[in-house]
**Student:** 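The structure's right below; bear with me while I get my questions together.
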Amino acid sequence: MDSSVSALAFTSMGNLYVGGQFTTAGGIPSIGIAQWTAAVGKAITGTGTQTFYANNLPVTVDVVTQGDLARINIQRVNTSYSGVPSTWQTGYYWSIEGLNSSGGTATGFNVNLTLPTPNFTPTASSKLCRMTGVNGSCRITSFDSSSVTRNNVIAFSDWLAASDAAPTAVTLTRFNAKFAGNKNLVRVKWETGNELNV
């Protein structure tokens, strides 16, 4: 945090909320409240399914071929990935690393990765993206009502589940923007064809 913390609270799901006089938390803008999620890791001893964050937005890694993969570490980040289209900004992304027994980057593995979609309902146009900077390699193998899966993952980095659903189109019947009070604030008002006095 960039300033003082005055309150800590755990939820029944194991989330830690922090309150205080700060404006950033972990380098992310956060005005006085932030949620912290601990990184989790598991040793990999063979093929099979591993579940991370089992009680809160579970991530599933089905190890099909182990290669020299000895450990998987996952950090859930409770904010949208920056620099991507708005339909990809779903409030979460995951930093995933695969390590070999020497602590280096694992190679030769093949896994099926499943990420939760808490802020949108997946469809056939949804995707699971491996991010390198603002560029994403996106595919989907399958989906259900609350998650997306991508098979044949052979490298880890930052990952996000994305929706490519088009925004709902509206017809604006009125739009007005003007300075409000001092010159640092702008008041925006609008009405659509099917909403009045909004």
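Below, each value reflects all heavy atoms present in this structure, side chains not excepted, and no hydrogens, waters or symmetry copies.
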**Student:** Is there side-chain contact between Ile44 and Ile72, with at least one heavy-atom pair below 4.5 Å?
**Tutor:** yes

**Student:** Are Trp88 and Met131 close enough that some pair of their side-chain heavy atoms sits under 4.5 Å apart?
**Tutor:** yes

**Student:** Under the side chain to side chain contact (heavy atoms under 4.5 Å, CB included) rule, what do Arg76 and Leu57 come out as? Steps first, then yes or no, please.
**Tutor:** CA-CA 9 Å; Arg76 187 177 77 223; Leu57 303 179; 3.9 Å; yes

**Student:** Roughly how far, to the nearest 0.5 Å, is the OG1 atom of Thr121 from the CZ atom of Phe143?
**Tutor:** 10.5 Å

**Student:** Is Gln35 close to Tyr17 at the side-chain level, that is, under 4.5 Å between some pair of heavy atoms?
**Tutor:** yes

**Student:** State the SG-CZ distance between Cys129 and Arg150, to the nearest 0.5 angstrom.
**Tutor:** 7.5 Å

**Student:** Can a side-chain donor-acceptor contact be found between Asn73 and Arg71 if the only test is distance below 3.5 angstrom?
**Tutor:** yes

**Student:** With side chain to side chain contact (heavy atoms under 4.5 Å, CB included) as the criterion, how do Val84 and Gln89 come out once you've worked through the C-alpha distance, each side chain's angles and the decisive distance to 0.1 Å?
**Tutor:** CA-CA 7 Å; Val84 296; Gln89 295 178 6; 3.8 Å; yes

**Student:** Establish, yes or no, whether the cationic atom of Lys189 lies under 6.0 Å from the six-membered ring centre of Phe175 and within 45° of the ring axis.
**Tutor:** no

**Student:** Which pair of non-hydrogen atoms, one from Val148 and one from Ala161, has the smallest distance, and what is that distance?
**Tutor:** CG2-CB, 3.7 Å

**Student:** Holding to ring pair (Phe, Tyr, Trp, His ring centres under 6.0 Å), I want the full list of residues that pass it with Tyr81, two or more places apart in sequence or in another chain.
**Tutor:** Tyr93

**Student:** Do Leu99 and Phe109 share a hydrophobic cluster (ILVMFWY, side-chain heavy atoms under 4.5 Å, transitive)?
**Tutor:** no

**Student:** Is the side chain of Thr87 donor-acceptor paired with the backbone N or O of Ser163 at a distance under 3.5 Å, no angle test?
**Tutor:** yes

**Student:** Less than 4.5 Å apart, any side-chain heavy atom of Phe156 and any of Val111?
**Tutor:** yes

**Student:** Show me the pairs that pass salt bridge (charged side-chain N to carboxylate O under 4.0 Å, His left out) and involve residues 99-128, at least two apart or across chains.
**Tutor:** Lys127-Asp164

**Student:** Without hydrogens or angle criteria, can the side chains of Ser95 and Asp158 be said to hold a donor-acceptor pair below 3.5 Å?
**Tutor:** yes

**Student:** Do side-chain atoms of Ser102 reach the backbone of Gly104 as a donor and acceptor pair under 3.5 angstrom?
**Tutor:** no

**Student:** More than 12 heavy atoms of other residues, nucleotides or ligands under 6.0 Å from CD1 of Ile154: yes or no?
**Tutor:** no

**Student:** Within a strict 4.5 Å, meaning less than it, do heavy atoms of the Val59 and Leu113 side chains meet?
**Tutor:** yes

**Student:** Nearest 0.5 angstrom please: Ile96 CD1 to Trp159 CH2, how far?
**Tutor:** 7.0 Å

**Student:** I want to check something: taking the side chain as every heavy atom from C-beta on, are Thr117 and Asn119 in contact at a cut-off of under 4.5 Å?
**Tutor:** no

**Student:** Flag yes if Phe52 and Leu128 sit in one hydrophobic cluster, no otherwise; membership is Ile, Leu, Val, Met, Phe, Trp, Tyr, and two members link when side-chain heavy atoms are under 4.5 Å apart.
**Tutor:** yes

**Student:** For Ser126 and Phe120, work out which heavy atoms get closest and say how close.
**Tutor:** OG-CE1, 3.7 Å

**Student:** Taking all non-hydrogen atoms of both residues, which atom of Pro122 and which atom of Ser146 are closest, and how far apart?
**Tutor:** CD-N, 4.2 Å

**Student:** Within a strict 4.5 Å, meaning less than it, do heavy atoms of the Thr23 and Ser3 side chains meet?
**Tutor:** no

**Student:** Could you go through Tyr92 and Leu160, starting from their C-alpha distance and side-chain angles, then the distance that decides it, and tell me whether this counts as side chain to side chain contact (heavy atoms under 4.5 Å, CB included)?
**Tutor:** CA-CA 7 Å; Tyr92 298 95; Leu160 58 88; over 6 Å; no

**Student:** Between Arg130 and Val153, is there a side-chain heavy-atom distance shorter than 4.5 Å?
**Tutor:** no

**Student:** Please name the pair of heavy atoms, one in Thr51 and one in Pro58, separated by the smallest distance, quoted to 0.1 Å.
**Tutor:** CG2-CB, 4.1 Å

**Student:** Side chains of Thr60 and Thr114: is there a donor and an acceptor less than 3.5 Å apart?
**Tutor:** no

**Student:** Under the side chain to side chain contact (heavy atoms under 4.5 Å, CB included) criterion, do Thr49 and Val63 qualify, and how do the steps go?
**Tutor:** CA-CA 6 Å; Thr49 302; Val63 179; over 6 Å; no

**Student:** Have Ser147 and Asp144 got a donor and an acceptor in their side chains that come within less than 3.5 Å?
**Tutor:** yes

**Student:** Look at the side chain of Asn112 and the backbone N and O of Thr149, then say whether any donor-acceptor pair between them is shorter than 3.5 Å.
**Tutor:** no

**Student:** Please check if the number of heavy atoms outside Gln21 that lie under 6.0 Å from its CD is greater than 12.
**Tutor:** no

**Student:** Of all heavy-atom pairs between Ala177 and Val186, which one has the smallest distance, and what is that distance?
**Tutor:** CB-CG1, 4.2 Å

**Student:** Tell me, please, which residues at least two apart from Val5 pass side-chain contact (heavy atoms from CB on, under 4.5 Å).
**Tutor:** Met1, Leu8, Val18, Phe22

